[in-house]
There are 2 protein chains.
Amino acid sequence: MPDPTPHPQRDVRPTLEAVAAHAGVSRATVSRVVNGGAGVRQPLVDQVRKAVDELGYIPNHAARTLVTRRNGAVAVIIDEPEFRIFSDPFFSRQIRGISRELNAHDAQLVLLLVEGRGDFDRVTRYLAGGHVDGVLAFSLHTDDELPAIIRRFRVPAVYGGRPERPPEGDGAGTPVPYVDCDNRGGAREAVRHLVSLGRRRVAHIAGPRDQTSALDRIDGYRDVLPDADPALTVDGDFTADGGARAMERLLEVRPDLDAVFVANDLMASGALRVLRARGVRVPEEVALVGFDDMASVAEATDPPLTTVRQDVEGMGRLMVRLLMERLDHGAGEWPASVVTPTELIRRASA
Amino acid sequence: MPDPTPHPQRDVRPTLEAVAAHAGVSRATVSRVVNGGAGVRQPLVDQVRKAVDELGYIPNHAARTLVTRRNGAVAVIIDEPEFRIFSDPFFSRQIRGISRELNAHDAQLVLLLVEGRGDFDRVTRYLAGGHVDGVLAFSLHTDDELPAIIRRFRVPAVYGGRPERPPEGDGAGTPVPYVDCDNRGGAREAVRHLVSLGRRRVAHIAGPRDQTSALDRIDGYRDVLPDADPALTVDGDFTADGGARAMERLLEVRPDLDAVFVANDLMASGALRVLRARGVRVPEEVALVGFDDMASVAEATDPPLTTVRQDVEGMGRLMVRLLMERLDHGAGEWPASVVTPTELIRRASA
DNA sequence: GTGAAAGCGCTAACAC
DNA sequence: GTGTTAGCGCTTTCAC
């Protein structure tokens with residue numbers, strides 16, 4: 001006789017078997033009903049549903065996943081320190097879009113936090129172990145291990161933002177699609193706007209060079225101002241404080257500047273803070289254009305920021321849709337990457 | 001003969017079986033090695049490890065969970081709109097603590113976002129389906145469905161913050177422990193400090209009444225000032241804007257107030273903004289004390305906030321430890337709830 | 001110390 | 001339509 005209490009916390013949840021017995025049908029029938037009930041006669045369906053309710057049956061996820069190879073969950077991985085994730089509204093907006101769309105697909109969002117190198121092992125085990133059906137990865141950096149992991153284990157994935165290298169194969173030779181906004185075009189529009197305002201010494205506070213969004217925005221700036229003094233471009237880190245520091249440097253090096261295109265709103269808010277502290281009038285003396293159009297930042301500054309809008313929430317939703325397409329149609333049909341348009345939003349800072 | 005290609009995206013990952021064959025041992029031995037290798041002779045261990053590496057074997061999570069009933073993942077659920085989660089540093093700090101401690105236990109953090117009623121169904125399925133070993137729940141509101149779900153499905157859980165009702169049984173009669181700071185004591189200390197400064201008309205901007213942290217802080221305020229004019233207490237919502245609105249109301253009703261104890265730093269920053277806009281000098285005319293001591297908020301205001309510190313990150317870690325204890329020792333031994341001390345941090349605002 | 005074998009709870013052919 | 005049956009990949013007694 002088998003030990004009746006093998007586990008200290010014996011699971012008391014009813015199984016399919018129990019429901020079947022209770023309803024007087026076979027396990028297969030219960031399974032069919034639980035999974036939509038297609039091809040089962042109505043009276044039986046009702047009978048089973050009743051048994052399910054009475055027993056409080058909930059399917060065991062592991063057992064189901066073991067056979068279907070699907071688990072209705074998608075991981076979101078953002079390779080940024082958690083303080084950035086939780087302070088940059090950009091991420092929260094994108095996550096909102098993803099969350100909504102995932103809900104619509106009845107899938108669970110699993111947010112994986114990565115802090116530091118060592119974490120990749122854990123994340124690898126998590127992804128390769130099949131906890132999730134796919135992954136949405138953001139904020140990829142040049143030296144990121146994630147793409148390699150994704151390729152190696154053929155994890156269905158969609159990138160948020162163009163990865164450094166051209167979209168790689170996932171091991172089966174199919175490329176990993178990405179969703180990105182037209183960073184370069186948006187930057188061009190921002191700088192052209194500044195130029196159209198009569199500004200002649202337009203500086204640029206750039207984002208970290210290991211992210212394509214930052215590089216693309218630099219390119220956009222240079223497209224319009226190919227002969228700009230290199231000293232007019234300084235690097236930031238996409239945080240408000242970083243923007244402030246960059247602005248201070250800029251003011252030291254080129255106190256004569258009359259405009260700044262800042263690679264994101266958060267840095268622009270920091271730059272603005274410095275400008276105000278120095279008594280520099282915005283936009284009269286120095287015009288400022290940001291990027292992102294994060295309402296909570298761009299509308300809260302004084303003056304409000306002129307900026308380049310990207311539909312972050314929409315991009316999040318799009319990422320989910322691409323991933324779902326891939327999941328539904330198999331590895332054979334990879335959806336293409338998509339680049340979404342940007343729009344210049346004029347407020348008071350330029 | 002069975003169909004060799006049942007699934008379109010056939011899983012090419014090696015199984016235990018494959019590793020066993022490759023290493024020339026049994027599945028049982030491979031399993032033992034993969035799970036620590038206790039009781040297996042060294043040469044065999046090496047042999048198996050080699051096979052694992054060569055084949056790039058990663059255990060299938062679902063299969064393992066099916067038999068062990070453990071899956072090495074813990075859910076964190078915060079029943080707040082996502083903009084709050086991502087804008088209040090309180091959550092990011094707590095999540096950091098949890099994340100670190102979970103890493104130390106080699107467990108995966110799964111952040112579940114709940115937006116609105118309908119989401120509870122999904123979350124219920126997720127929890128009851130056994131995707132995670134346990135759950136850490138925060139920011140419980142009076143009408144929250146989560147406790148009921150947790151009780152009904154006997155999900156091992158630990159609450160962040162004392163729930164409204166006294167800790168409920170989890171269905172087996174054992175209470176769900178919580179980790180909270182001494183809100184009432186901290187509030188008392190804050191108000192006493194204001195009183196010791198000679199302030200006589202101390203107002204209170206409270207948090208939402210459906211959270212015990214807010215209620216406890218009100219109680220602490222009343223402990224010290226039982227006879228305070230009820231008009232001196234107005235409700236906020238723990239956001240900066242809410243704090244600003246509350247301050248405006250307060251200024252209308254009792255323009256003679258000379259101090260405010262604000263239930264959290266974020267609201268205090270909003271209140272401060274209003275005070276400055278009105279030209280009210282802080283702390284000369286109105287002294288201000290906050291709660292939480294979120295560095296990014298309390299140190300960034302002008303003047304910096306005097307506030308009540310709670311060790312948020314530590315509380316997060318503690319929650320994980322309590323949950324792990326419960327997981328390791330079974331449902332029999334429930335760890336007790338813990339209330340952590342607070343500390344008044346004096347800065348310039350009071 | 002190691003292997004053989006019995007399931008964990010479920011889905012999906014395949015019979016009937 | 002519905003039931004029977006064979007696994008999914010793993011852990012874990014239980015023999016040896």
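Just so it is clear: chains get the letters A, B, ... in the order the sequence lines come, proteins before strands, and each one is counted from 1.
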Novice: Is the backbone of D133(B) close enough, under 3.5 Å, to the side chain of N71(B) for a donor and an acceptor to pair up by distance?
Specialist: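 Here the side-chain-to-backbone pair exists.
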Novice: Donor-acceptor check, side chain of R321(A) to backbone of E101(A), threshold 3.5 angstrom: yes or no?
Specialist: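 Judged by distance alone, no pair lies under 3.5 Å.
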Novice: Would you kindly give the CZ-to-C1' distance between R13(A) and dC10(C), to the nearest whole Å?
Specialist: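 In whole Å, dC10(C) C1' lies 15 Å from R13(A) CZ.
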Novice: Please report the distance, rounded to the nearest Å, between CG in L66(A) and P in dG7(C).
Specialist: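 Going from L66(A) (CG) to dG7(C) (P), I get 17 Å.
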Novice: Distance check: side-chain N/O of R69(A) vs OP1/OP2 of dG9(D), anything under 4.0 Å?
Specialist: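 So the side chain of R69(A) is within the cut-off, an N or O lying under 4.0 Å from OP1 or OP2 of dG9(D).
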Novice: Which of these nucleotides, dG9(D), dG3(C), dG3(D), is closest to any side-chain atom of T29(A)?
Specialist: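 For T29(A), the side-chain atoms sit closest to dG3(D).
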Novice: Report the nucleotide, chosen from dT13(D), dG9(D), dA13(C), that has the shortest atom-to-atom distance to any side-chain atom of R32(A).
Specialist: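 That would be dA13(C).
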Novice: I want to check one thing: is the phosphate of dT11(D), taken as OP1 and OP2, less than 4.0 Å away from some side-chain N or O of T68(B)?
Specialist: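 So the side-chain polar atoms of T68(B) never come under 4.0 Å of the phosphate oxygens OP1 or OP2 of dT11(D).
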Novice: Any side-chain N or O of R27(B) below 4.0 angstrom from OP1/OP2 of dG9(D)?
Specialist: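 Checking dG9(D) against R27(B), no side-chain N or O comes under 4.0 Å of OP1 or OP2.
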Novice: With the threshold set at 4.0 Å, does a side-chain nitrogen-carboxylate oxygen contact exist between R125(B) and D106(A)?
Specialist: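 Salt bridge present between R125(B) and D106(A).
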Novice: From C-beta outward on L16(B), which listed nucleotide comes closest to its side chain: dC14(D), dG3(D), dT11(D)?
Specialist: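 Among the listed nucleotides, the one closest to the side chain of L16(B) is dT11(D).
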Novice: With a 4.0 Å cut-off, would you call R70(A) and D328(A) a salt bridge?
Specialist: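 Result for this pair is yes, salt bridge flagged.
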Novice: Could you work out which one of dT11(D), dG3(C), dT11(C) sits closest to the side chain of N35(A)?
Specialist: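 In terms of side-chain proximity for N35(A), the closest of dT11(D), dG3(C), dT11(C) is dT11(C).
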Novice: Grab the CD-P distance between Q42(B) and dT2(C) for me, whole Å please.
Specialist: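 Answer to the nearest Å: 10 Å.
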Novice: Counting any heavy atom closer than 4.0 Å, what does V34(B) reach on the DNA or RNA strands: base, sugar-phosphate only, or nothing?
Specialist: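 Touches nothing.
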Novice: Calculate the interatomic distance between E17(A) atom CD and dG3(D) atom P; express it in whole Å.
Specialist: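 Rounding to the nearest Å, CD of E17(A) and P of dG3(D) are 13 Å apart.
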Novice: Have E54(B) and H22(B) got a donor and an acceptor in their side chains that come within less than 3.5 Å?
Specialist: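 Looking only at side-chain atoms, H22(B) and E54(B) do form a donor-acceptor pair, the distance falling under 3.5 Å.
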Novice: Please state how far atom CG in N71(B) lies from atom C1' in dT11(D), giving the value in whole angstrom units.
Specialist: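 Spelled out: CG on N71(B) to C1' on dT11(D) is 15 Å.
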Novice: Counting heavy atoms from C-beta on, name the nucleotide in dT11(D), dG7(D), dG9(D) closest to the side chain of R64(B).
Specialist: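 Of dT11(D), dG7(D), dG9(D), dT11(D) is nearest to the side chain of R64(B).
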Novice: Of the nucleotides dT12(D), dG3(D), dC10(C), which has the atom closest to the A28(B) side chain?
Specialist: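 My answer, after comparing the listed nucleotides, is dT12(D).
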Novice: Which nucleotide in the list dA12(C), dG1(C), dT11(D) gets nearest to the side chain of V67(A)?
Specialist: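 Given the options dA12(C), dG1(C), dT11(D), the side chain of V67(A) is closest to dA12(C).
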Novice: The side chain of S31(A) lies closest to which of these nucleotides: dT2(D), dG9(D), dT11(C)?
Specialist: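 Nearest nucleotide to the side chain: dT11(C).
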Novice: With respect to the side chain of T15(A), which nucleotide from dC10(C), dG1(C), dT11(C) is positioned closest?
Specialist: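 Nearest to the side chain of T15(A) among the choices is dC10(C).
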Novice: Which of these nucleotides, dG9(D), dT13(D), dT11(C), is closest to any side-chain atom of N60(B)?
Specialist: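 Closest nucleotide among those given: dG9(D).
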